[in-house]
J.: 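Questions regarding the structure given below will be posed in turn.
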Amino acid sequence: MIPKINTLSGYLYEYQKSVTNPEAFWENIAQSFYWRKKWDKVLEWDFVNLDVKWFVNGKLNITENIFEKNLFIFGDKPAIVWEPNNPSEPGVTLTYRQLYEKVCQFANVLVQNGVKKGDRVCIYMPMVPEAAVAMLACARIGAVHSVVFAGFSANSLADRINDAEVRVVLTSDGNFRGPKSIPVKAVVDEALESCPLVDRVIVLKRTSMAVTMKPGRDVWWHDAVRGVPADNKATEMDAEDNLFVLYTSGSTGKPKGVVHTTGGYMVYTAYTFANVFQYDSDDVYFCTADVGWVTGHSYIVYGPLLNGATVVMFEGVPNYPGVDRFWDIIEKHKVTHFYTAPTALRSLMGYGTEPIERHDLRSLKVLGSVGEPINEEAWQWYYTHVGKGNCPIVDTWWQTETGGIMVSPIAGVTPTKPAYATLPLPGVQLMIVDNEGNELKGNNVEGNLCIKFPWPGMLRTTYGDHQRCINTYFATYKGLYFTGDGVKRDADGYYRILGRVDDVINVSGHRLGTAEVENAINSHPLVLESAVVGFPHDVKGQGIYAYVVLDAASKTHDPEKIKDSLLAAVTKVIGPIAKPDKIQVVSGLPKTRSGKIMRRILRKIAEGDATSLGDTSTLLDPGVVQEIIGGALVRVKA
Ligand code: 7RM
């Protein structure tokens, strides 16, 4: 069993142990797992060249730790309780044994299709149990999954497939999302026109919408599994063999493939799940994330299943068929642990408490928040109306790169404070630095959040480009992992995450690089250049504000049509999540003499705070700023 903290003094004691002797601390946690061969050494590390190895020479398979290790105890326990988009459609419950059989069978299918240990497999699927089966089947045979959120465009999908040199793609015909059916296979087909390496696509039938199947390349999932045996001996993996790659946006244009390895990620996600949520064996855990994001990887699939948890997996959206859908699911499945994003709470707050009061939520014990800072108002609403004042909220701060939760209350153990992620978990050594990299010691300080010591769940590299990983995360402050987030440590030593300090924006909990959105806008033939910044948005947390300079040829076009086609360009290049909320056409962008766009000024204007622009003495043409402040803003309908 994974050691669980259950008192505040226990937390302080474990934390102290984890800092005094991290190797001994993590070695003890790692003992709770099934290793084919134990490690020779717990940790080797170097944060300058980024070379981190946990459980050196340990051998294991993560799926053996989900299944074989536990089947005897909870083989008949529900592992995945699947709730379809449409509540009148029957759901599916898979016990651990049934899930195991599906995983083994699909692992065999992958092998039959030529997938070998180390090969990358792209998963572009809706929120159906087969998405989890696909991930675990990859892990079973040592293939590296690259899950791409099914809301990304063909362009984005193709970029990710090519970057990871994927040969096999797993997908579905379509996707039910609220009242809509969304084509999925058609997007894959479009993407694959520029992915010469892909020679096999396995297609799950979900919506039964019409699709084209390319002979020799495309096969139906149900045909592929027919008659395939449901037993498979897991492939032995080194602790440091890659488990998956997951693309995430940064401050440069191209998303990076964050690489996670097997042993450390297993230990970290399982330990953090058990402790942060204080999951007990009869609990029912519901996380509303999509498996296309890291939260889905670590806290729908790996963390919970490694703990033998019952996980509710939801295909749909919070407002279909009604705005009480989450509360309906909680009541129906007697959910004890509910984990969602502040943006969802803020949008549901708009409907008042009546939709909640229609449901019996007495099963709830723990509430979680993830993805973006939770504002105090949303925190209070969550606490009072969803949790009825007796469920602790765990505000969990972490990142794709960290693999698992880093700063968070331990449910029922750490005293909470609205909008605070509170304290670091055991094994997490934070450091706050100023812009020059000097450590800000003591309490009541605010600065850049860094981590100074490795933790087992951390990223090991970015796929295909190790130097880029070093430059992005380990070069800003030498010897430290830089998170890109600003943080405050208050008088009690509690941490409050303030949001990104780099050119990354967080829109409805989705991470986007401003450069990525600019590139998409710039792909429009009438655009000369653009600058994108975030601005405070009541529901989304941050909205996207685009300043666009158009070609003279645009004069002959209808401005409304141009706006629509700009949005279409962004949807095509990235996906609908990246559509700007506001577009302002400007005649020029504020630049320094050396040609750098002064985003600081644009951010201020977007925030509606043009009175305090700060130092503008380096501006090449101050007239541009005056024009922008006085300029007309084109609002884009949501
Ligand atoms: C898990 C996830 C990471 C970025 C991160 C932060 C922001 C995430 C919180 C948060 C404040 C939180 N991974 N973030 N959780 N900010 N409080 N509890 O979201 O890679 O997609 O995003 O999200 O800015 O750097 S992610």
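Along the sequence shown, residues are numbered consecutively beginning with 1. Start at 1 and go down the list; that is how both ligands and their atoms are numbered.
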J.: Is there a donor in the side chain of Glu240 and an acceptor in the side chain of Thr261, or the other way round, less than 3.5 Å apart?
T.: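 Distance-only check passes for Glu240 and Thr261.
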J.: Tell me whether Lys488 is salt-bridged to Asp490, with the criterion being a basic N under 4.0 Å from an acidic carboxylate O.
T.: no
J.: Could you verify whether a donor N or O on one side chain and an acceptor N or O on the other, from Thr272 and Tyr299, lie under 3.5 Å apart?
T.: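 Looking only at side-chain atoms, Tyr299 and Thr272 do form a donor-acceptor pair, the distance falling under 3.5 Å.
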J.: Just do the side chain to side chain contact (heavy atoms under 4.5 Å, CB included) check on Phe277 and Ile410 with the steps written out, would you?
T.: CA-CA 7 Å; Phe277 294 101; Ile410 292 177; over 6 Å; no
J.: Just to verify, what does Asn65 make a side-chain contact (heavy atoms from CB on, under 4.5 Å) with, not counting sequence neighbours?
T.: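 Checked Asn65 against side-chain contact (heavy atoms from CB on, under 4.5 Å); matches are Phe33, Tyr34, Leu60, Lys69, Met266, Leu306.
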J.: If the criterion is any heavy atom closer than 4.0 Å to an atom of ligand 1, which residues make the list?
T.: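 For ligand 1, the contacting residues are Val294, Thr295, Val370, Gly371, Glu372, Pro373, Asp395, Thr396, Trp397, Trp398, Gln399, Thr400, Asp485, Ile497, Arg500, Asn506, Arg511.
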J.: Cut-off 3.5 Å, side chains only: do Thr288 and Thr340 have a donor facing an acceptor?
T.: yes
